Novice: 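Below is the structure I would like to discuss, written out as structure tokens.
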Amino acid sequence: MPRRKSADDNSAFRQVQEQARTLLQNLRKDIRAKEAELKRLREDEARFGRLVSETKSGRQAASNGAGSSLRGRSPASGSGRINWREVLEQLPKQFGAAEVRSVRGLKGKRPSEIFAAITRWIESGAVKRKSRGVYERV
């Protein structure tokens, strides 16, 4: 025989539901705080990255001497990782792939690397494709 719901069952359920609602609100608040902290840390990283790359490029130019190359490759193609977020910040509101290549340090990059970066920007929502070969920062 089915059990009838009493007022106690209903109030217990409501208490659990209220506790869950409170926990969810606190969790959302914590997530917002962590996202704000992460944003600040990323900005710090970008700032320090620019500082290091400016200092590093000046030291490398002095130590390598003029005209030196790494195993016949252009220095840009093997000079380490590119911070594509910083590259995007340096571009105008509307740009094409040729303008991406004009950013310092990208001259020796292969077209596939440039278009892979543009595709990542589009997928992340940082860039919209306006027309063929024309992109816009969001």
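Bear in mind that the values here come from a model prediction, so they are computed numbers and not experimental data.
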Novice: OG of S124 to CZ of R85: how many Å apart, nearest 0.5 Å?
Specialist: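 Separation between the atoms: 9.5 Å.
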Novice: Which atom names give the shortest non-hydrogen contact between I114 and R101, and what distance separates them?
Specialist: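 In terms of heavy atoms, the two residues are closest at CG1-NH2, 3.9 Å.
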Novice: Enter the distance from L23:CG to R28:CZ here, rounded to the nearest 0.5 Å.
Specialist: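 Here the rounded value is 12.0 Å.
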Novice: V127 versus V138: any side-chain heavy-atom pair under 4.5 Å?
Specialist: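 No. Closest side-chain heavy atoms not under 4.5 Å.
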Novice: Who pairs with R47 by side-chain hydrogen bond (donor to acceptor under 3.5 Å, both in side chains), at least two apart in sequence or on another chain?
Specialist: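 In terms of side-chain hydrogen bond (donor to acceptor under 3.5 Å, both in side chains), with neighbours along the sequence ignored, R47 is linked to D44.
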Novice: Of all residues at least two apart in sequence or in a different chain, which pass the side-chain hydrogen bond (donor to acceptor under 3.5 Å, both in side chains) check with E86?
Specialist: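 Expected list: N83.
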Novice: Sequence neighbours left out, cut at 3.5 Å: what donor-acceptor pairs do the side chains of residues 115-122 make with other protein atoms?
Specialist:
residue, atom, partner, partner atom, Å
T119, OG1, F115, O, 2.8

Novice: Are E89 and R50 close enough that some pair of their side-chain heavy atoms sits under 4.5 Å apart?
Specialist: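 Side chain of E89 against side chain of R50, heavy atoms only: contact under 4.5 Å found.
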Novice: What pairs with K130 under salt bridge (charged side-chain N to carboxylate O under 4.0 Å, His left out), at least two apart in sequence or on another chain?
Specialist: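 Only E136 meet the salt bridge (charged side-chain N to carboxylate O under 4.0 Å, His left out) criterion with K130.
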Novice: Applying salt bridge (charged side-chain N to carboxylate O under 4.0 Å, His left out), can you list everything that pairs with R21, at least two apart in sequence or on another chain?
Specialist: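 Residues passing salt bridge (charged side-chain N to carboxylate O under 4.0 Å, His left out) with R21: E18.
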Novice: Over all heavy atoms of both residues, which pair between L91 and E99 is shortest? Give the atoms and the distance, please.
Specialist: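 Distance-wise, the nearest heavy atoms are CD2-O, 3.6 Å.
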Novice: Each residue besides I31 in its hydrophobic cluster should be listed here, by chain and number; the cluster joins Ile, Leu, Val, Met, Phe, Trp and Tyr at side-chain heavy-atom distances under 4.5 Å.
Specialist: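 Besides I31, the hydrophobic cluster comprises L27, listed by chain and residue number.
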Novice: Strictly distance-based, threshold 3.5 Å: is any side-chain N or O of K93 a donor or acceptor partner for the main-chain N or O of R137?
Specialist: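 Flag set: sc K93 to bb R137 pair under 3.5 Å.
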Novice: Hey, could you give me the CD1/CG distance between I82 and L106, rounded to the nearest 0.5 Å?
Specialist: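 So the CD1 of I82 and the CG of L106 are separated by 5.0 Å.
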Novice: So with a 6.0 Å cut-off around CZ of R40, is the heavy-atom count from everything else above 12?
Specialist: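 More than 12 within 6.0 Å, yes.
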Novice: Is a donor on one side and an acceptor on the other found under 3.5 Å between the side chain of Q25 and the backbone of T22?
Specialist: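 Judged by distance alone, no pair lies under 3.5 Å.
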Novice: Please list, chain by chain and in numerical order, all residues satisfying side chain to side chain contact (heavy atoms under 4.5 Å, CB included) with R132, sequence neighbours excluded.
Specialist: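 R132 satisfies side chain to side chain contact (heavy atoms under 4.5 Å, CB included) with R129 once adjacent residues are dropped.
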Novice: Looking at CG of L41 and CZ of F48, how far apart are the two atoms once the value is rounded to the nearest 0.5 Å?
Specialist: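 The distance works out to 10.5 Å.
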Novice: Do any pairs count as a side-chain hydrogen bond (donor to acceptor under 3.5 Å, both in side chains) and have a residue in residues 30-39, sequence neighbours left out, and if so which ones?
Specialist: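 Residue pairs with at least one partner in residues 30-39: there are none.
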Novice: Using side-chain heavy atoms (C-beta onward) and a distance below 4.5 Å, is Y135 in contact with L88?
Specialist: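 They are not in contact (no side-chain heavy atoms under 4.5 Å apart), so the answer is no.
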